[in-house]
Amino acid sequence: MGEVIVIGSINTDLVTYVERLPGAGETVTGGVFKSFPGGKGANQAVAAAKAGANVSMFGAVGDDSYGRERVESLWENMVSTDGIIVKKGSHSGIAQIIVDRNGENLIAVASGANHELKPEDVSGLIERNTGGDATGRGETGAGETGVDGEKAVALFQNEIRQEVTERLIVQAKSEGYIVVWNTAPAPSGRVREEVLSSTDFVICNETELSALVALGNHHPPVEAEDEEEKIRELAGMILSKGVGNVIVTLGSRGSLLINDREIIRQESYTVDAIDTVGAGDCFCGVFAASLAEGLALSECMDRATRAASISVTREGAQTSMPTREEIDSFGR
Ligand code: RIB
């Protein structure tokens, strides 16, 4: 069983399902309300655990019933919760979500305790005393290997404060973890070069990729022949800063993994989507779990895609994450 640590957000999702998403200033009635465990960090932790990894979550909740429920539900999903701290005087993270009949969504987050998390809350807990450089580069993911090629992966998103994420990415790299950073939502400020060169895998969508490039003061390509060429050029700018691999998710058009030596093109699977909330998190969590298991990059991409395809056929974020057996049997 590979090891995955997840450092990030923990939310409760308050979801209203409606026919169509409202426009600005508009009210849409006739909705159905449901509440689910969410937060990009916690979602990715559950996805990785259900895919078979040994997962520990590091984050913060408020001293309220939402926070207690979230810790409980992570624990029930086999995620270690010893690294979750309670921030007195803060509310737990809340996401207000609207989902339409095609499964598309709008999300607004009140970060609460997630934004109170400090590097010192986590840094002592993720020390490994192994040293070494886990590059995560090459077809097998390379990097430091444990028993049977397993590796320790540190998985980050962007729903806690960016400076906290940046500090802990640099630490995780120096501790020997393979660092995977899902840059969602897009960074709000320039990312330090030391952070990029400490990151083995960036996972982003096209919008987040453009934002990363713009924040680095790069000039995006003026004329690209086609969409893939444009993505390759943008990814190349991130790779030139020392990132090991860039994975760009393209929704129903699949995804691309780009590094200095190769491009892996991953096709999507056709399913009837009812709720896409957490699908990106499912991809990231299962990718990290597969990487930690020592699987080839092409296999990590395929497993992550199959898992995300299953997740969009179910309601909720953490409640939609598939088991290892479901991932193995899907599409075969
Ligand atoms: O990625 C989906 C998640 O984003 C939701 O679970 C919500 O909590 C927001 O953080």
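Atoms within a ligand are numbered from 1 in the order they appear, just like the ligands themselves.
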If you look only at distance, which donor and acceptor atoms sit under 3.5 Å apart when one is on a side chain in residues 105-112 and the other is two or more places apart or in another chain?
residue : atom : partner : partner atom : Å
Asn105  : ND2  : Thr276  : OG1          : 3.0

Mind checking whether Gln171 and Glu127 have side chains closer than 4.5 Å, heavy atoms only? yes

Polar contact flag, side-chain donor to acceptor under 3.5 angstrom, [X]-[Y]:
{"X": "Asn182", "Y": "Gln44", "answer": "yes"}
{"X": "Asn54", "Y": "Glu3", "answer": "no"}
{"X": "Arg314", "Y": "Thr319", "answer": "no"}

Once you restrict both partners to nitrogen or oxygen, which atoms of ligand 1 have a protein partner under 3.5 Å, and how far apart are they?
residue  : atom   : partner : partner atom : Å
ligand 1 : 1 (O)  : Lys40   : NZ           : 2.8
ligand 1 : 1 (O)  : Asp281  : OD2          : 2.7
ligand 1 : 4 (O)  : Lys40   : NZ           : 3.3
ligand 1 : 6 (O)  : Asp13   : OD1          : 3.4
ligand 1 : 6 (O)  : Asp13   : OD2          : 2.6
ligand 1 : 6 (O)  : Gly39   : N            : 3.1
ligand 1 : 6 (O)  : Asn43   : ND2          : 3.0
ligand 1 : 8 (O)  : Asn11   : ND2          : 3.1
ligand 1 : 8 (O)  : Asp13   : OD1          : 2.6
ligand 1 : 8 (O)  : Gly39   : N            : 2.9
ligand 1 : 10 (O) : Asn11   : ND2          : 3.0
ligand 1 : 10 (O) : Glu159  : OE1          : 2.9
ligand 1 : 10 (O) : Glu159  : OE2          : 2.6

Salt bridge (charged side-chain N to carboxylate O under 4.0 Å, His left out) assessment of Arg303 paired with Asp328: CA-CA 8 Å; Arg303 285 180 72 77; Asp328 286 339; 2.7 Å; yes

